[in-house]
Number of protein chains: 2
Amino acid sequence: MDVNKDLPRAARAQDVAKAAGVSTATVSRAVNSPDKVAPAVRDRVLAAAAALGWLPHAAGSALARKRTSIAGVVIPTLGQEVFATQVGAMQAAFAEHDITLLIGCSNYDPDQAAQQVRTMLTRGVDALAVLGQIPKPGLFEVVQARRVPYVITYGSAPDGGHPCVGFDNAAAFHTITRHLLDLGHKVVGMILQPTLHNERIVARLAGVRGALAEEGLGLRPQHLCEGEYGIQAGRKGLRHVLNADGPRPSAIICSNDLLAIGALLEAQTMGLTVPQDLSITGFDDISIAAELDPALTTMKADNAEIGRLAAGYLVSRLQGNATPSEVLIPPILINRSTTAQPRKRS
Amino acid sequence: MDVNKDLPRAARAQDVAKAAGVSTATVSRAVNSPDKVAPAVRDRVLAAAAALGWLPHAAGSALARKRTSIAGVVIPTLGQEVFATQVGAMQAAFAEHDITLLIGCSNYDPDQAAQQVRTMLTRGVDALAVLGQIPKPGLFEVVQARRVPYVITYGSAPDGGHPCVGFDNAAAFHTITRHLLDLGHKVVGMILQPTLHNERIVARLAGVRGALAEEGLGLRPQHLCEGEYGIQAGRKGLRHVLNADGPRPSAIICSNDLLAIGALLEAQTMGLTVPQDLSITGFDDISIAAELDPALTTMKADNAEIGRLAAGYLVSRLQGNATPSEVLIPPILINRSTTAQPRKRS
DNA sequence: GAATGCGATGCAAGCGCATTCATTAAACGA
DNA sequence: TCGTTTAATGAATGCGCTTGCATCGCATTC
């Protein structure tokens, strides 16, 4: 009866050491640097650990080691696919380095975000990512003071100087407009989600305008519809744009996939054949986009990649490698079936 | 120069104590139980803490207190709305108790799930939730051994005896079938995602059959289509079911919303008017379901509620309250516009 | 005015683990 | 065969914080 099996307390390294007839130092080494321990002893220790159901307690470890192997991520909400995807990718990338993710949601509230960041620091996270949010100026001062590597994604900080992973919204919409121009479209319309307080959307519009301007074309006001966010807004937007006076657009650029889906459904309701009668593009490549009939031509700002890059950056920072402070990934065109050459018309 | 401002090391309670002219005990009390400290002293301590940018280090706290205020959650993937929603709700519910969420993804792999659970325990989580996954038998032994409260959601354990929060799939589909029967439908079809290794789907089918049987009706084999998961499968399924010999179903029950969306789109493509010509139902109430035209009649197994309940259960366990071991929430019918009385036919 | 009580505070002992340093045993070379 | 290097291990210390217990000062109370 050298071991008190009926003792409710969880096993500690001490207990394992006693059971294996070694010191706690050896137990620690057997687990963390197995090659520094004689094979026979190591096996004995691991066997004892297994028998006692011992799992090293990270708090003690963190204290002694001065790191937690926990990374924090603060996001607006988990309910949106783009963020969920990024977080999922980060989780996977961190897992390869035995780093676990602590998550906090800000609900789009800068104050909550700041609070979450503070919580993360308290938890002793080794690294921190803030997703999809323009942080309050000064938010990162405490983070910097603690020398905790951090990164923001899906949008850059207004005051600059923060490491960030994202993509260029204007360039992305330049690309998608270019795609339509190359197909021969001359008159395009655009359906937008609200631009108020959202520089990303403003940039998207600018990207479209810029590409059109290169061909001496423009976006007529009546072909530009800014509404809400969602499928119904897409439907309404399409009616608005197509019912405008003057030459009808042969292509509609939507600022996100839900709008595009709405536009697509409405076009079909109106008896138009997509893409022969009308080309439609989205943005995001949400999972449903590929499933539609016809499948939506859209752009994929690879959110998984953003997550991976952000995690990778933080990991390399943890390993002491300096890396560039701003990474932009190129969104890629997913050329499916809602775009085609415009029908010849007299 | 009583404080070394230029010392890179982060401030500790010690430093705050010195700056405020008190002991670390008082610092701790000022933060954790402010009423046990004289107001003047408390203010002095908090001011010193703020000045030094001190944030208590959770590892030390966890060690001394024997709890971490961290809860772990293991999910198959963040990329699916149902899980993301549950996690989001849990996060919010835990946040009210100053508990932060540590997440791990299993990628639907029982071994990874087990690994994640072990990681969570190592991190010293105070509570643990496993979402949407039938755990390997014995998985929870270590958890139980450590007396860590846990709960599984969105499915019950085969070996039973585990606390769980979810809903009764059979009852849910009984309800939705009942809804159609009450509208007067006599011939219904069903489109299913794969039933293999997925008891939840089997239960859904059983629920439909049970409700039909109560009216002396049945589900004809040719009106039952089991395919893949997704919109295209829904389209294909609908064609299959409607092209079968014999009386055409006037209503189609789909085992999830994506299948229903596919069926809806296909019905419209076929020139059918939904719901007049054909009623269609889904399940899950994914966010897009409400946006379609016509909006999808479906059932909402309130995943946010599941998350909240799971978190609430764990919190009450942490507070020492015994609670029922199995909670079933009633999924609710979201009666939108894809169901109606069947058209009279001769 | 002295005894009593109580609130406010400090002291010090850990919490569980990693790690430095010293020690011992083993392996090696000559 | 003996000194010397190397590998394996243990004892002891500290990471940053909480908390039981002892202490002190002050306001009650008789």
Side-chain angles (χ1 to χ4, degrees), chain A residues 7-46 48-49 52-70 98 121-126 146, chain B residues 7-46 48-49 52-70 98 121-126 146-148:
Chain A
L7 202 63
R9 184 172 47 69
R12 298 159 310 170
Q14 189 75 248
D15 306 318
V16 176
K18 194 176 300 177
V22 298
S23 72
T24 60
T26 300
V27 172
S28 173
R29 279 187 288 252
V31 171
N32 297 308
S33 30
D35 49 320
K36 290 190 174 181
V37 152
V41 178
R42 187 201 315 148
D43 294 345
R44 194 147 38 91
V45 170
L46 295 182
L52 291 170
W54 178 70
L55 293 175
H57 194 305
S61 166
L63 213 47
R65 235 198 270 252
K66 301 196 173 214
R67 53 194 183 79
T68 55
S69 292
I70 291 179
D98 290 316
L121 290 178
T122 283
R123 301 285 187 220
V125 294
D126 290 340
R146 292 216 154 192
Chain B
L7 203 62
R9 181 173 46 70
R12 299 158 310 169
Q14 189 74 246
D15 306 319
V16 176
K18 194 176 300 175
V22 297
S23 72
T24 60
T26 300
V27 172
S28 173
R29 280 188 285 252
V31 170
N32 298 308
S33 30
D35 49 319
K36 289 191 173 181
V37 150
V41 178
R42 187 201 315 149
D43 293 345
R44 195 148 38 92
V45 169
L46 296 182
L52 292 169
W54 178 68
L55 293 175
H57 196 306
S61 166
L63 212 47
R65 235 199 270 253
K66 298 194 173 217
R67 55 193 183 78
T68 55
S69 294
I70 291 179
D98 291 316
L121 291 178
T122 283
R123 300 284 187 222
V125 294
D126 290 339
R146 292 215 154 193
R147 316 260 157 140
V148 171

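Given the structure is predicted, the values throughout are model-derived calculations rather than measurements. Because only heavy atoms are used, hydrogens play no part in the values below, and waters and symmetry mates are left out as well, while side chains stay in. Proteins come first, then strands; the chains are lettered A, B, ... in the order of their sequence lines, and each starts at number 1.
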Here the gap from B:I70 atom CD1 to B:R123 atom CZ, rounded to the nearest 0.5 Å, amounts to 9.0 Å
Note to self: Counting the atoms with a prime plus P, OP1 and OP2 as sugar-phosphate, which does A:V41 contact under 4.0 Å by heavy atoms, base, sugar-phosphate, or nothing?
What the structure shows: sugar-phosphate
Whole-Å distance, B:K18 NZ to D:dC17 P, equals 14 Å
Of B:A58 and B:R29, the one whose closest nucleotide on DNA chain D sits nearer the 5' end is B:A58
Between B:V22 and the options B:V16, B:V41, B:V37, the side-chain contact (heavy atoms from CB on, under 4.5 Å) test singles out B:V41
Judged by nearest nucleotide, the residue sitting upstream toward the 5' end of DNA chain C, A:A64 or B:V22, is B:V22
Considering only heavy side-chain atoms of A:A38, the closest of D:dT9, D:dG10, C:dG10 is D:dT9
Closest to the side chain of A:L63, out of C:dG16, C:dG10, D:dC17, is C:dG16
In whole angstroms, the gap separating P of D:dT18 from CD of B:Q14 amounts to 13 Å
Between C:dG10 and B:T26, is there an OP1 or OP2 to side-chain N/O distance shorter than 4.0 Å?
yes
As its Watson-Crick or G-U partner within any shown strand, both distances under 3.5 Å, D:dC30 has C:dG1
Exercise for the section: For A:G21, answer base if it contacts any base atom (sugar-phosphate contacts may also be present), sugar-phosphate if it contacts only those atoms, and nothing otherwise; contact means non-hydrogen atoms under 4.0 Å. Expected result: sugar-phosphate
Sugar-phosphate, base or nothing in reach of A:A25, heavy atoms under 4.0 Å: base
Against the side chain of A:V37, the closest entry in C:dG16, C:dA12, D:dT9 is D:dT9
Nearest heavy-atom contact between A:V45 and A:A30 is CG1-CB, 3.8 Å
Check your understanding: Does the side chain of A:S61 get closer than 4.0 angstrom to OP1 or OP2 of C:dC17 through an N or O atom?
Key -> no
Margin query: Please check: side-chain N/O of B:R67 versus main-chain N/O of B:D126, any donor-acceptor pairing under 3.5 Å?
Written below: no
For A:A59 and B:A62 the tightest heavy-atom approach is CB-CB, 3.9 Å
ask   = Between D:dG16 and A:K66, is there an OP1 or OP2 to side-chain N/O distance shorter than 4.0 Å?
value = yes
Separation of C:dT9 atom P from B:D35 atom CG, nearest Å, is 12 Å
Between CZ of A:R123 and P of D:dC17 the distance, given in whole Å, is 14 Å
Is there, by distance only and without an angle test, a donor paired with an acceptor across the side chain of A:R65 and the base of C:dG16 below 3.5 Å?
no
- Could you check B:R12 against B:D15 for salt bridge (charged side-chain N to carboxylate O under 4.0 Å, His left out), going step by step and ending with a plain yes or no? CA-CA 5 Å; B:R12 299 158 310 169; B:D15 306 319; 3.3 Å; yes
Q. Would you say A:S28 reaches C:dA18's phosphate, i.e. side-chain N/O to OP1/OP2 under 4.0 Å?
A. yes
Here the distance between atom P of D:dT6 and atom NZ of A:K36, to the nearest Å, is 15 Å
Closest to the side chain of A:W54, out of D:dT18, C:dG10, C:dC17, is C:dC17
When rounded to whole Å, the CZ to C1' distance for the pair A:R42 and D:dA7 reads 14 Å
Taken to the nearest whole Å, CG/B:N32 to P/D:dC17 is 10 Å
Separation of D:dC15 atom P from B:H57 atom NE2, nearest Å, is 12 Å
